[in-house]
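I have placed the structure first, in the form of structure tokens, so that the comments after it can refer back to it.
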Amino acid sequence: MRLRLDPGGALAADADVSIVGIPEAPGKDPSFPSSLAAANAAVAGAIQRGWDSGEVRGRFQELSVFHRIERAGRVVILGLGPRDRLDAERIRRAAASAVKGVRGKGTRRVAFHLASFTGRSVSPEVAVRALTDGIGLGSYEFTRYKAPKEPPLEEGTICLGTEHRAQARTLGRAFAQEQSLIETVRWTREIANLPANEAHPSRLASEAEELARAEHLKVTVYDEKELARLGCGGHLAVGGGSAHPPRMIVLEYPGVGAKVPTIAVVGKGITFDSGGISIKPSLKMGDMKFDKSGAVAVLGILRAAARLRVRPRVIGVMACAENVPSGTSYRPGDVVKAYGGSTIEIANTDAEGRVVLADALAFVVGQFHPDAVVDLATLTGAQVVALGDDMAGLLSNNDRLATRILAASKATGEPVWRMPITDYHRELVKSEVADVRNSIEIPLAGMLTAGAFLEHFAGSGPWAHLDIAGAAYTTITTRRLQPAYQGIGATAFGVRLITRFLLDYAR
Ligand code: BES
Ligand code: MN
Ligand code: ZN
């Protein structure tokens with residue numbers, strides 16, 4: 001799908017559907033909004049008749065379709081809800097729901113009237129970015145294995161019109177940046193949605209190599225032999241049961257200018273998590289193809305960093321392995337040695353994410369001495385129980401770093417909630433036979449003990465962990481409650497969040 005910013009007006013645009021936003025009518029008998037005059041004229045007064053009858057009220061995400069009289073095409077009135085609640089996230093959601101609502105029926109091109117989405121607390125720039133997100137992500141569909149039911153949208157246009165034409169230059173810059181980012185989020189979803197029979201660790205390595213070629217990044221792929229040479233005994237143990245051997249993939253983006261900070265971004269890349277010998281129940285096990293989402297987000301973050309030329313140097317580490325049972329699998333009771341020499345008691349082979357991340361975190365800290373480390377991982381079911389499936393858990397040893405991530409969360413609408421790590425959790429992950437254990441017998445603060453385990457390997461510098469178990473993909477149970485821009489399957493959660501964090505880091 002093509003996204004465009006156009007100086008013209010939405011009603012004059014060469015589109016099948018022109019979309020105009022309206023805030024919710026205040027009170028019982030509100031007067032017809034003057035902002036709809038032009039749209040109303042284009043449909044011979046039908047919008048006003050709909051308004052008078054109570055059909056059109058501007059309730060959040062309400063769509064009202066009117067056919068044009070003087071030419072082909074439709075005018076769609078999109079409800080934005082109460083004016084004082086309008087913000088970037090509501091625009092993202094409304095735009096995505098509108099794009100989904102007008103799908104099919106011959107709709108190939110849609111035009112949005114920018115001025116109808118701005119307001120007291122929403123600048124034209126914020127509205128342009130939010131519309132870009134909503135249109136670009138709301139129209140995403142994973143069609144690799146199945147033809148779409150309806151032909152996809154060809155073009156989404158944001159129309160400046162007379163109201164905003166004068167700001168075409170600054171709005172154009174904001175649009176270009178957001179459009180590039182959204183294109184990368186779609187690209188990331190395409191990889192995160194690959195099933196485990198295609199997305200082996202080696203496939204993720206070749207995706208990284210191709211990205212590195214295209215964006216002039218440095219890439220290093222560590223195979224089993226090199227992982228052994230480095231001393232990554234945790235990563236090797238987790239991947240040991242699979243016919244598709246593990247890979248640690250390191251991408252380097254140099255940053256812009258001299259003396260820039262180095263940020264490491266580390267992702268859990270379990271291409272399939274069956275649980276291993278501590279095997280999972282079969283119900284919903286298929287969702288564990290999304291257990292690579294952290295690593296795939298890292299791939300997307302490096303692509304966005306390169307394309308948007310963020311200031312900091314960025315080191316991306318993707319810890320990729322398949323966790324399956326076989327005669328060569330690691331077992332409960334095993335003791336393995338991670339990069340740097342710490343020993344891990346394997347109490348449960350299903351707590352594998354933290355074991356590959358132990359090596360990846362210790363490696364990136366030991367090799368690159370980053371100014372900050374952020375990891376993304378579909379790490380615990382406990383995260384989903386505690387915070388739900390729309391939000392990520394944030395654990396950090398550094399308030400300044402956590403604050404930056406929370407600010408990026410607010411700006412992007414990717415929800416994050418900070419949770420604690422205390423000495424109690426650190427005690428809980430100590431082992432009687434090794435330095436740490438990867439699981440405790442009872443389900444107790446599962447997200448936090450996982451964090452305490454990771455902290456052991458993350459060094460003494462600023463580190464933040466995002467548990468994205470819930471937010472990485474949508475499920476049939478809650479999809480209708482999720483923002484329409486999330487769609488079916490992988491969300492690529494974290495790409496917008498961490499790219500915003502990087503854009504704002506060295507300013
Ligand atoms: N990949 C899972 C976590 C997960 C669960 C992600 C549900 C998305 C949805 C992880 O490897 C896992 O199995 N964690 C265990 C840890 C336990 C054995 C300590 C869990 O959360 O049950
Ligand atoms: Mn697991
Ligand atoms: Zn897992």
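Atoms considered below: every heavy atom in the structure, side chains included; atoms not considered: hydrogens, waters and symmetry mates. This structure is a prediction, so every number in the text was calculated from the model and none was measured. Read the numbers this way: they start at 1 and go in the same order the structure lists the ligands and their atoms.
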Original post:
Within less than 4.0 angstrom of ligand 1, does K268 place any heavy atom?
Top reply: yes
Heavy-atom distances under 4.0 Å decide this one: backbone, side chain, both or neither, for [X] against ligand 1?
| X | result |
| --- | --- |
| R437 | neither |
| D273 | side chain |
| N323 | neither |
| M447 | neither |
| A469 | both |

**OP:** Mind listing the protein N/O/S atoms less than 2.8 Å away from the Mn ion (ligand 2)? Waters don't count.
**Re:** D273 OD2, D350 O, D350 OD1, E352 OE1
**OP:** State the atoms of ligand 1, each with its element, that fall below the 4.0 Å cut-off from a heavy-atom position in Y473.
**Re:** 8 (C), 9 (C)
Original post:
Any N/O/S atom of I270 sitting less than 2.8 Å from the Zn ion (ligand 3), backbone or side chain?
Top reply: no
**OP:** Give a yes or no on whether D273 keeps an N, O or S atom under 2.8 Å from the Zn ion (ligand 3).
**Re:** yes
Original post:
Between OD2 of D291 and OE2 of E352, what angle is found at the Zn ion (ligand 3), rounded to 10 degrees?
Top reply: 100°
Original post:
Does D291 reach ligand 1 with a nitrogen or oxygen that is under 3.5 Å from one of the ligand's nitrogen or oxygen atoms?
Top reply: yes
Subject >> Close N or O approach (E352, ligand 1; < 3.5 Å) >> reply: yes
Original post:
Honestly, is R189 close enough over F142, meaning NZ or CZ under 6.0 Å from the six-membered ring centre and within 45° of the axis?
Top reply: no
